[in-house]
Amino acid sequence: MSQTTPTRRASVFRPDLEGLRAVAVVLVVLFHAGVPGFSGGYIGVDVFYVLSGFFITGLLIRELEANRRISFSKFYARRFKRLIPASALVLAATIVAGGFIVAPLTRHSFGWDAVASAWDVSNIRYALQATDYLASTEAPSPLLHYWSLAVETQFYLVWPALLALVAFRKWSDKRQLIRRVAFTLVALIALSLALSIWLTQVNQPMAFFMLPTRAWELGLGGLLALAPLGLAKRPALGQLAFAVGLVVIVATGMLYTEKTPFPGWAAVAPVFATALVIFANTQRQAARVVVNPVGEFLGRISYSLYLWHWPILVLVALAVGHRLSPVVNLGLMVIATLIAWLTFRFIEDPVRKLSWKPLRSYLTMGALTVLVTLGGLVLVLVPVSGGKPGAVPIADPAHLSAEIAQGLTVRPVPNNLAPSLEASRKDQPIVYANGCHQSQGSAGMPECVFGDTQGTKTVWLVGDSHAAQWFPALNALAKLQGWKLVSHTYSGCPTTATLLPDPKTPGAMYVSCQRWQNLLLSKVRQAHPDLIVVGAATVLLPDAMDGFTSRLADFVAASRSVIVLGDTPQQSQDVPPCVSAHMSNAAACATGRAIAMVNVNKADLEAAANAVGAHFANTLDWFCTQDSCPVIVKNVLLYRDAAHITPEANTWISRVFNENVLQAMPK
C-alpha cells in the first residue's frame, strides 16, 4: 500500500480541474463586468482557493513522501517563477496607465495599493480600510483584485512550514504521515470556518479579506489531496458528483448578490461544491461541459486573465469618466483575454519552465518586486498641485441663486480653493475628532456640549453624518446667539424608530444604531431642549420613513420645536478626485439636479416634518440651481466626498442656514 501511494499521488494533469479554473475565472469576469445574472460571480475566487489548496498540498505531500523533508528554497523558487512575472508585468502596466488616468488626488492611495500588491499584503490594507469589495459606490482601486493573490501567497508562506512541523516527528510509514496531516487540516478547517462565520457577522470586510477566515477553503482542498483517486473507480457516481458540484458553483455565482453575508455560511456551498468536483475525478460525459478546448484554453490562461481583466475594466471606466455598460465591458474582456493569452504564451509559461537555481529565481523575482515597488512609490511622492486656501466668502441670501449659477461657470480651479484639495479628505467637523460623532458599533453617549455652555436656551443636533456635517454652522450660530449646543450623531444611523440593516455587514441588522437611538430619545426627554435640529442621509431611509415620522413625533413631544434639514445633494462622483482630474474645467464635475436628488427624498422628509408639526429646510435650493448642482462656488469647495459638505461650505451658506434655524427657534 505504501509503495503504491506515491504513484497514485503522482502529478497527473487533470483536464476537469483545468476546466474548473475556466469556470471560476469566467464567473469572476462576468461579475466584475456587471453582466446581469452573475451578481455572485465573486465566488470564483473561492473556487480558486480550493484548487490551490489541493495542488499545493499534493505537491508538498509528494515531496515529503519521497524525501522525508520539504525543500523550502526550491518550493518558493517555483512559486515565485510561477506567480511574480505575470503579476509584476500587470502591476507595472497598471501603474504606468494609472499614472495618466487615475485622478491626481487619489494617486497617492493608488501608489500605496501598488506597493501593497507587490509585497502581497494588499488584503490587509483593504481590510483595515474596510473596503467594500462587493458593493462600494466609490471608484475602486485598479489593483483591488490583488487581495486574493495576497491571501494565497500568505498561505504559501505558512502552510509548508506547518507541514514540515507536522512531519518533523518521526513517522514509520506514509500512512502515519497522512493521518497527521489530515488531523492538522481538519483542525485548521474547523477553526477557520468558525472564525469566518463569526467575523462575517461582526466585521464583514475583515472576514472577507483576511487569511485566517479563508484558510479553511485552502485547507479543504489540501484535505482532498490526501485521497487523490476520489471517485475515479466509480465512474457513474463520479459523473453525478461532478454534475452536482458544478451546478451548485454556477447557481451560487448567479444567485448570490452583494447583500449576501459573505464569506461566512454562504461560502460553504461553493467551497464544498468545488471539493465535490475535485473528488469526482472524472473526465467522462458530465465533465465535457468544461473538458473541451475552450475550457482548457481559459483554464490555462486563467491566472493571467484574472490579473488583466480588472485593471482594464477600472482604468477604461476612469478614462471615460463614467461606468461602462455590460456590453462594452464584455468587449473589453475579449481584449483582456487576448492580452492574457499573450502574457501566458510569452511570459508566464516560458519563465515557469526555466531551469534556474533557486538563488537566481530569488534575485530575479526580487528585482522585479523592487522595480514595481519603486513605481508605486513614485505615485505616492508626486504632489498634488494647488495653491494656498483663501478666505471663505459668505453667501448673500438675496443673491444666492446667482452665486450658485456662477459656480456652474467655474473653469480653472481657483488657486485659493478652500479647503485645498490635499486637505479636503480630512476636512471634517471637530465632532469627528473628539468622539461626539460616534462610529458604527460604538456604545454609550459622551457628553458633547458646545456653543455657549452657559446659555439659557438649548439646541440639540441629532442624526447621522449628514447631521454632523452641519455642526460648524450650528456651533457658530449657537455662540452668536448665546445658546447651549448639544451634539449627538452616529455614523450610518439616521433618525428613525425602525431597525435598519447594518451598512457594513450584509444580512445583519444595525442593532447598535437602534440602541443608540433609544438612548438618544431617553436623553432628549430628560433634557427637554428648546430646539432639535435633525439631519439624515435619506438614502438609508427608503424603508424606514414611517419610523422617521414616528421618531420626529417623539422629538416634537419632548421639545419646544424641531427642524428637519433636508438632505444635501448627492453628487454623481467623488468630488475632490474629480476636481483634481479637471483642474482646467471644474464645472465638468457638476451633477444635474435631477440626478443629485434621486436619493434625497426631499418630498418624503418634508411630508414627515409637516405631519408632526416640525419645520423643514430645503437644503437642495442652497446648493443647486433648477438644473444643476456645482461643486465649487467662488473659491469654496462644497464637498469633501460625493455627499458631505465641507466646513467651509458651512461658512459660505451660514446666513441662509441661520435664517432657517432662527425661524424654528421658539421666542
Side-chain angles (χ1 to χ4, degrees), residues 10-33 35 37-38 40-59 82 86 148 152 217-218 220-222 224-225 227-232 234-254 269-309 330 333-334 336-338 340-341 343-345 348-349 352:
S11 181
V12 177
F13 176 67
R14 291 272 303 264
D16 56 323
L17 302 189
E18 195 81 315
L20 189 56
R21 278 196 177 110
V23 172
V25 77
V26 167
L27 284 173
V28 173
V29 166
L30 293 178
F31 165 62
H32 284 156
V35 176
F38 291 92
Y42 50 84
I43 61 97
V45 170
D46 303 83
V47 175
F48 279 127
Y49 283 160
V50 182
L51 287 170
S52 293
F54 175 75
F55 287 121
I56 293 302
T57 303
L59 182 152
R82 172 72 178 87
S148 63
E152 280 202 44
E217 303 177 23
L218 292 133
L220 184 60
L224 290 166
L229 282 182
L231 298 175
R234 298 184 178 183
L237 191 56
Q239 289 194 71
L240 177 61
F242 182 95
V244 171
L246 188 62
V247 167
V248 172
I249 291 170
V250 175
T252 53
M254 298 179 70
V271 167
F272 275 88
T274 304
L276 193 59
V277 171
I278 295 173
F279 191 67
N281 195 5
T282 182
Q283 284 86 52
R284 294 176 179 267
Q285 287 87 343
R288 298 293 165 79
V289 67
V290 298
V291 181
N292 54 59
V294 174
E296 292 183 12
F297 169 74
L298 290 175
R300 281 196 303 273
I301 69 167
S302 59
Y303 177 59
S304 290
L305 179 55
Y306 181 83
L307 288 171
W308 280 112
H309 85 283
L330 285 176
M333 291 304 90
V334 173
T337 302
L338 175 60
W341 174 76
T343 303
F344 174 82
R345 174 67 178 80
E348 184 183 342
D349 197 43
R352 178 176 61 86

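Keep in mind the model is a prediction, meaning the values are calculated, not measured. The residues of the chain are indexed from 1 along the displayed sequence. Side chains are part of it too, since the values below use all heavy atoms of this structure and drop only hydrogens, waters and symmetry mates.
Listed by chain and number, the residues in a side-chain hydrogen bond (donor to acceptor under 3.5 Å, both in side chains) with Glu152 are Ser52, Tyr156 (sequence neighbours excluded). For Glu296, the salt bridge (Lys or Arg N to Asp or Glu O under 4.0 Å) test picks out no residue, with sequence neighbours left out.
The distance from atom CG of Asp46 to atom CG of Leu218, rounded to the nearest 0.5 Å, is 9.5 Å. For the atom pair CG of Leu17 and CD of Gln283, the computed distance is 8.0 Å after rounding to the nearest 0.5 Å. Between the CD atom in Gln239 and the CZ atom in Arg234 there is a gap of 15.0 Å [rounded to 0.5 Å]. In this structure, Asp349 CG and Trp341 CH2 are separated by 11.5 Å, a value rounded to the nearest 0.5 Å. Taken to the nearest 0.5 Å, the CZ atom of Phe279 stands 7.5 Å off from the CG atom of Leu224.
For Ala225 against Gly58, the heavy-atom pair with the smallest separation is CB-N, 3.6 Å. For the residue pair Phe48 and Arg21, the shortest heavy atom distance occurs at CZ-O, 3.7 Å. Closest approach of Ala22 to Gly299, counting heavy atoms only: CB-N, 3.7 Å. When all heavy atoms of Val25 and Tyr306 are compared, the pair lying nearest together is CG2-N, 4.1 Å. Considering all non-hydrogen atoms of both residues, Pro235 and Arg284 come closest at CB-NE, 3.2 Å. Looking at every heavy atom in both residues, Ala86 comes nearest to Thr343 through CB-CG2, 4.0 Å.
Within 6.0 Å of the CZ atom in Arg352, the count of heavy atoms belonging to other residues, nucleotides or ligands exceeds 12.
Residues Thr274 and Leu20 meet the side-chain proximity criterion, which asks for heavy atoms closer than 4.5 Å. Within the 4.5 Å cutoff, side-chain heavy atoms of His309 are placed close to those of Val28. The shortest side-chain heavy-atom distance between Arg82 and Glu348 falls under the 4.5 Å cut-off. Considering only heavy atoms from C-beta on, Leu330 comes within 4.5 Å of Leu30 through its side chain. Using a 4.5 Å heavy-atom threshold, the side chains of Thr337 and Phe297 count as touching.
In this structure, Tyr42 and Phe31 have perpendicular ring planes: the angle between them is above 60°, well past the 30° mark.
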Can you give me every donor-acceptor pair (side chain of residues 240-253, partner residue at least two apart or in another chain, under 3.5 Å) with its distance?
{"from": "Thr252", "atom 1": "OG1", "to": "Val248", "atom 2": "O", "distance (Å)": "3.0"}
{"from": "Thr252", "atom 1": "OG1", "to": "Ile249", "atom 2": "O", "distance (Å)": "2.9"}

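For the pair Arg14 (side chain) and Ile278 (backbone), a donor-acceptor distance under 3.5 Å is present. A donor-acceptor contact shorter than 3.5 Å is absent between the side chain of Tyr49 and the backbone of Leu220. Between the side chain of Arg345 and the backbone N or O of Ala340, no donor-acceptor pair lies under 3.5 Å.
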